[in-house]
Student: 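The structure is given below, and queries will be raised subsequently.
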Amino acid sequence: ISLKGYLTFKSVYAYILSANGSFWIIFAIKHLSGDAYTFMGIDLWADFTFILILTYAFVAALFTPVFGLFLSAVAKNKIEGFAYMKSAGMIAIIPALVVINTMQDWKQYFLGLTPIFWPVKGLITGANLLDNSHNLPTLGYFIVGSIYMISLIIISYKVFERKIQN
């Protein structure tokens, strides 16, 4: 098997596991939490539809190959890779800033530099949790996120390919 074939297999395998895990975790929390996520009489999970959760899982899982290829391309050894992996956990927190009032207008798109912003914002918008005039339609967040992350997969692969050729 060629290196490209091996990387494709590992990336697709990781993507499927990630999408599957993301879907079932959100789906299970929605259906098993009961009234635990009811705030002032409003069920926060009410608008999380099957299709919305599934779409989120498929788009958010695209970050898995990006992250894997990036780590492989940048880290010189396992220790350095582990350090990068632990530090990158901060990236996952950045989309949470979108709930701050100052990030509700056009400034929210600065957070779009982090790949996971797009599917998270699509999920939040699709569930009608944050509504403002600067929001894209839900599908818009998912489309932009998919295009952005697929572009990052291609770039990460090329960087990784260059690393192994040197």
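Keep in mind that the numbers below use all heavy atoms, side chains included, and drop hydrogens, waters and symmetry copies.
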Student: State whether the side chain of Thr138 and the backbone N or O of Gly126 hold a donor-acceptor pair below 3.5 Å, judged by distance alone.
Tutor: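 Flag set: sc Thr138 to bb Gly126 pair under 3.5 Å.
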Student: Is there a donor-acceptor pair closer than 3.5 Å between any side-chain N or O of Lys163 and the backbone N or O of Ala75?
Tutor: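 Yes.
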Student: With the side chain counted from C-beta on, respond yes when Leu52 and Leu123 share a heavy-atom pair under 4.5 Å apart, and no when they do not.
Tutor: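 Yes - at least one pair of side-chain heavy atoms lies under 4.5 Å apart.
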Student: Other residues, nucleotides and ligands only: do more than 12 of their heavy atoms fall within 6.0 Å of CD1 on Ile164?
Tutor: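 Result for CD1/Ile164: enclosed.
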Student: Between Ser18 (side chain only) and Ala14 (backbone N and O only), is there a donor and an acceptor less than 3.5 Å apart?
Tutor: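 No.
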Student: Taking all non-hydrogen atoms of both residues into account, name the closest pair between Phe142 and Gly122 and its distance.
Tutor: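 Looking at all heavy atoms of both residues, the shortest contact is CZ-C, 3.7 Å.
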Student: For residues Tyr56 and Pro119, report the shortest heavy-atom separation together with the two atoms involved.
Tutor: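 Heavy atoms of Tyr56 and Pro119 come nearest at CD1-O, 3.3 Å.
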Student: Judged by atom type as modelled, is there a donor-acceptor pair below 3.5 Å linking the side chain of Thr64 to the main-chain atoms of Ala61?
Tutor: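 Side chain of Thr64 to backbone of Ala61, a donor-acceptor pair under 3.5 Å: yes, one is there.
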Student: Looking at CH2 of Trp106 and CG of Asn132, how far apart are the two atoms once the value is rounded to the nearest 0.5 Å?
Tutor: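 Between Trp106 CH2 and Asn132 CG, I get 13.0 Å after rounding to 0.5 Å.
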Student: For Leu152, does its backbone N or O pair with a side-chain atom of Tyr157 as donor and acceptor, under 3.5 Å?
Tutor: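 The answer is no, because no donor-acceptor pair under 3.5 Å joins these two groups.
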Student: So, the side chain of Tyr148 versus the backbone of Ile143: is there a donor-acceptor pair under 3.5 Å, distance only?
Tutor: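 No; judged by distance alone, with no hydrogens or angles, the pair does not exist.
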Student: Using the six-membered ring wherever Trp is involved, compare the ring planes of Tyr109 and Tyr141 and label them parallel, tilted or perpendicular (cut-offs 30° and 60°).
Tutor: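 The rings of Tyr109 and Tyr141 lie parallel, inter-plane angle below 30°.
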Student: When the ring planes of Phe23 and Phe27 are compared, do they come out parallel, tilted or perpendicular, using 30° and 60° as the limits?
Tutor: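 It falls in the parallel class, under 30°.
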Student: Considering non-hydrogen atoms only, spot the tightest contact between Gly81 and Leu71 and give its length.
Tutor: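 Scanning both residues completely, I find the closest heavy atoms to be O-CD2, 3.6 Å.
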Student: Please check this pair: side chain of Lys30 against backbone of Ile25, looking for a donor-acceptor N/O pair closer than 3.5 Å.
Tutor: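 Looks like no, no N/O pair under 3.5 Å.
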